Amino acid sequence: MSADEHIPVLLQPTVDALLHTPDGLYLDCTFGRGGHSCALLEKLSAKGQLVALDRDPQAVQAMGEIKDSRFRGVRSAFADLESALDLLGIDQVDGVLMDIGVSSPQIDQAERGFSFRRDGPLDMRMDPQAGESAADFLARAEAREIKEVIKNYGEERFAVQIATAIVARRAERPITTTLDLAQIVAGAVRTREPGQDPATRTFQALRIHVNQELAQLEQGLTAAFKRLKVGGRLAVISFHSLEDRITKQFIEKLANPKSQQDARLRKLPLPEPTPLMRKLDRIKPSKEECELNPRSRSSVLRVAEKLAEWPAGPSVGGNAWGA
């Protein structure tokens, strides 16, 4: 097992929060290199089971190294988790884990094109066989679209300057490598926070766009809730504000459904909508973990418990539960 190549973030808190019954069936939606999956298997009983998903072919290869009858792995994006569970004949699970973002091995392998510190082809796809690479996107997109991606997904205040520089440069020759793009960005970004590379936000934004990560997360959260048993737990590890905001709002919407109702409905003598989830915890890495693994510094774990299924049929005046 190659889990030693990657230090799993918030490992023990995640296992402790997610695994509420050792005899249960759990779903790791983002296998990576198997750090969380291996830790869960250690805590599961002989009756427990674990299913893991990943769309990265190297992660799928790592799945095959786990020789445990309680474990099954499927090549799948986590947005498609329902299809993956159907393939295995599984209706519901006791817990779902999502570790959002890019793994250390993906960053550290220059040929994957995620890193602005290592020269390699400008790819950035989690699944190199699917979708459009970052290089292809930058070659065909208009300056406005490039600017919007960098601004919205990277929260980059110099998005206009970077997009303008990219379009000017590609008119001279194609942008095909990571260091090529990093140099273009460095020339367009005037100031940056101490210790942060000028290309950090741009690379993050392109990675999110190429892999449709935020849309995947939204779809995956909805699918995870549907497939959780009542009493089951959802654990999501995020690494930046956009992911964490989506997760927080999703849980809040189901934990406090009255807040989602139209203001006019809240004034009517209607039955209180039933909370569908309960917020359990929000956990940040310890100082010791951040020192051991600096990439964990921005991570946050949110945990919630499913209390009830979505109500059948439409609600009065629209769906107050956000389904």
Side-chain angles (χ1 to χ4, degrees), residues 1-19 28-43 52 54 56 58-59 62 65 95 97-110 112-120 124 126 153-156 178-179 182 185-186 189 191-205 207-208 213 217 233-248 251 279-304:
M1 177 66 220
S2 58
D4 58 343
E5 297 176 7
H6 171 57
I7 303 175
V9 170
L10 292 162
L11 180 61
Q12 199 57 52
T14 300
V15 173
D16 291 343
L18 184 69
L19 204 149
D28 181 352
C29 291
T30 45
F31 180 81
R33 293 302 180 268
H36 289 104
S37 281
C38 288
L40 287 167
L41 285 169
E42 289 179 2
K43 296 292 185 179
D54 211 296
D56 187 316
Q58 294 181 356
E65 299 176 21
L97 167 62
M98 295 181 178
D99 183 359
I100 309 302
V102 65
S103 69
S104 293
Q106 288 170 325
I107 294 174
D108 293 339
Q109 294 173 1
R112 299 301 301 273
F114 289 102
S115 176
F116 45 77
R117 292 191 175 95
R118 294 174 172 83
D119 198 20
M124 298 194 189
M126 300 287 187
Y153 297 152
E155 299 176 303
E156 172 60 75
T178 52
L179 290 189
V185 175
V189 172
T191 62
R192 182 55 76 225
E193 296 84 350
Q196 186 180 85
D197 189 285
T200 299
R201 295 177 183 273
T202 296
F203 271 64
Q204 171 188 292
R207 190 203 79 219
I208 289 173
E213 291 179 32
L217 177 57
R233 293 185 179 180
L234 171 68
V236 182
I237 301 172
S238 304
F239 288 85
H240 62 76
S241 60
L242 297 177
E243 301 164 344
D244 185 51
R245 189 180 306 133
I246 289 171
T247 304
K248 177 183 177 181
I251 294 173
K279 294 180 284 186
L280 295 182
D281 217 339
R282 176 185 180 275
I283 302 172
K284 293 283 292 180
S286 66
K287 180 180 178 182
E288 292 74 19
E289 178 171 0
C290 291
E291 291 174 350
L292 177 66
N293 180 16
R295 287 176 178 167
S296 72
R297 287 178 301 201
S298 62
S299 64
V300 56
L301 167 66
R302 292 188 184 272
V303 187

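Note that the structure is predicted; figures quoted are calculated from it, not measured. No hydrogens, no waters, no symmetry mates; every other heavy atom, side chains included, goes into these values.
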Applying side-chain hydrogen bond (donor to acceptor under 3.5 Å, both in side chains), can you list everything that pairs with [X], at least two apart in sequence or on another chain?
X: Glu156; answer: Arg192
X: Asp281; answer: none
X: Gln12; answer: Asp16
X: Lys43; answer: none

Not counting sequence neighbours, which residues clear side chain to side chain contact (heavy atoms under 4.5 Å, CB included) with [X]? List them please.
X: Pro13; result: Leu10, Ile283, Leu301
X: Ala52; result: Asp28, Phe31, Ser37, Met63, Phe71
X: Ala39; result: Leu11, Val15

Q: Kindly determine whether Val9 and Glu289 satisfy side chain to side chain contact (heavy atoms under 4.5 Å, CB included), including the steps that lead there.
A: CA-CA 8 Å; Val9 170; Glu289 178 171 0; 3.9 Å; yes
Q: Tell me, please, which residues at least two apart from Lys284 pass salt bridge (charged side-chain N to carboxylate O under 4.0 Å, His left out).
A: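 Applying salt bridge (charged side-chain N to carboxylate O under 4.0 Å, His left out) to Lys284 gives none.
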Nearest 0.5 Å please: distance from the [atom1] atom of [X] over to the [atom2] atom of [Y].
X: Lys279; Y: Arg302; atom1: NZ; atom2: CZ; result: 8.5 Å
X: Ile100; Y: Leu217; atom1: CD1; atom2: CG; result: 5.0 Å
X: Arg297; Y: Cys290; atom1: CZ; atom2: SG; result: 7.5 Å
X: Leu97; Y: Leu19; atom1: CG; atom2: CG; result: 11.0 Å

Quiz: residues 234-242 side-chain donor-acceptor pairs under 3.5 angstrom, not counting sequence neighbours:
from: His240; atom 1: ND1; to: Leu242; atom 2: N; distance (Å): 3.3
from: His240; atom 1: NE2; to: Glu243; atom 2: OE2; distance (Å): 3.4
from: Ser241; atom 1: OG; to: Glu155; atom 2: OE1; distance (Å): 3.1
from: Ser241; atom 1: OG; to: Glu155; atom 2: OE2; distance (Å): 3.4

(Q) Looking at every heavy atom in both Asp54 and Gly32, which two are closest together, and how far apart are they? (A) OD2-N, 2.8 Å
Q) Tell me, do Tyr153 and Glu213 make a side-chain contact under 4.5 Å, heavy atoms counted? A) no
Q: Check for a donor-acceptor pair, side chain of Arg233 on one end and backbone N or O of Ala17 on the other, with a separation under 3.5 Å.
A: yes
Q | Check against side chain to side chain contact (heavy atoms under 4.5 Å, CB included), Lys248 and Arg282 | A | CA-CA 10 Å; Lys248 177 183 177 181; Arg282 176 185 180 275; over 6 Å; no
